[in-house]
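Below: one structure, written as structure tokens.
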Amino acid sequence: RKEVEQDPGPFNVPEGATVAFNCTYSNSASQSFFWYRQDCRKEPKLLMSVYSSGNEDGRFTAQLNRASQYISLLIRDSKLSDSATYLCVVIYTGGFKTIFGAGTRLFVKA
Amino acid sequence: EPEVTQTPSHQVTQMGQEVILRCVPISNHLYFYWYRQILGQKVEFLVSFYNNEISEKSEIFDDQFSVERPDGSNFTLKIRSTKLEDSAMYFCASRGGDNEQFFGPGTRLTVL
């Protein structure tokens, strides 16, 4: 089983749509969780941290369920500029080893 | 806004040659990382570095790889004898007291 698994994608949505990405992780020693976005041939950019209480940043909402070892990202009112690959990232206790999911590709169309 | 920088942006080398990839982390950060991403594949953790020593490394980070912080600003990744399969994008990242890592723009390594 992969350490971090994401929806395979790609997701093709119209502007204004709401889209949800899921991610599961296998190691219960995982401590910190993040969503990054990556544009083609660019570096990953931090989108948001993920907390058990859930957190929201504008159109983006992230949620963590430690019992189910599941992380989600919800994007509301999708924009063309949201088109990218979304990476689920898990950091093990100690803060050193970092595992990336394979990413989910999102295409937002006009 | 402070950022991580990397040089060179693109490095072409012959198989068997040594390469050094350079990174300047964000100035007040204390934790440093190297990752690689083979074209079309996921980002893979190579190594983390804290307090002038390696804190964690992956199976990929074998004896051909080494890291160093030669002065107060640079953080380098050395590959001693490059192989064709080392061709990839190499990202450096740094973080402060929380776990939020910030990535540099990457160095594209091409081994011929």
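Just so it is clear: chains get the letters A, B, ... in the order the sequence lines come, proteins before strands, and each one is counted from 1.
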**Asked** Which atom names give the shortest non-hydrogen contact between B:Asn74 and B:Arg69, and what distance separates them?
**Response** O-CG, 3.2 Å
**chain A contacts, top residue of B:Phe91, B:Phe49, B:Tyr31 (heavy-atom pairs, under 4.5 Å)** = B:Phe91
**Message:** Is it the case that atom NZ in A:Lys2 sees more than 12 heavy atoms from other parts of the structure closer than 6.0 Å?
**Reply:** no
**Message:** Counting heavy-atom pairs under 4.5 Å with chain B, which one of A:Pro44, A:Gly103, A:Ala102 comes out on top?
**Reply:** A:Pro44
**Asked** Of the backbone (N, CA, C, O) and the side chain (C-beta and beyond), which part of B:Tyr50 lies under 4.5 Å from a heavy atom of chain A, both, or neither?
**Response** side chain
**Item:** Ring geometry between A:Tyr86 and A:Phe21 (parallel below 30°, tilted from 30 to 60°, perpendicular above 60°)
**Value:** tilted
**Fill in**
When the 4.5 angstrom heavy-atom criterion is applied to A:Lys97 and chain B, the contacting part is both
**Request:** Measure from the side-chain N and O atoms of B:Ser73 to the backbone N and O of B:Asp71, and report whether any donor-acceptor pair falls under 3.5 Å.
**Result:** no
**For the student: nearest non-hydrogen atoms of A:Thr104 and A:Asp7, plus distance** = OG1-O, 2.7 Å
**Message:** What part of B:Gln41 gets within 4.5 angstrom of chain A, counting heavy atoms only: side chain, backbone, both, or neither?
**Reply:** neither
**Asked** Would you find more than 12 non-hydrogen atoms of other residues, nucleotides or ligands less than 6.0 Å from A:Arg41 atom CZ?
**Response** no
**Item:** Heavy-atom proximity to chain B below 4.5 Å, by part of A:Tyr92
**Value:** neither
**Message:** Tell me which of these, B:Arg95, B:Gln101, B:Arg108, has more heavy-atom pairs under 4.5 Å with chain A than the rest.
**Reply:** B:Gln101
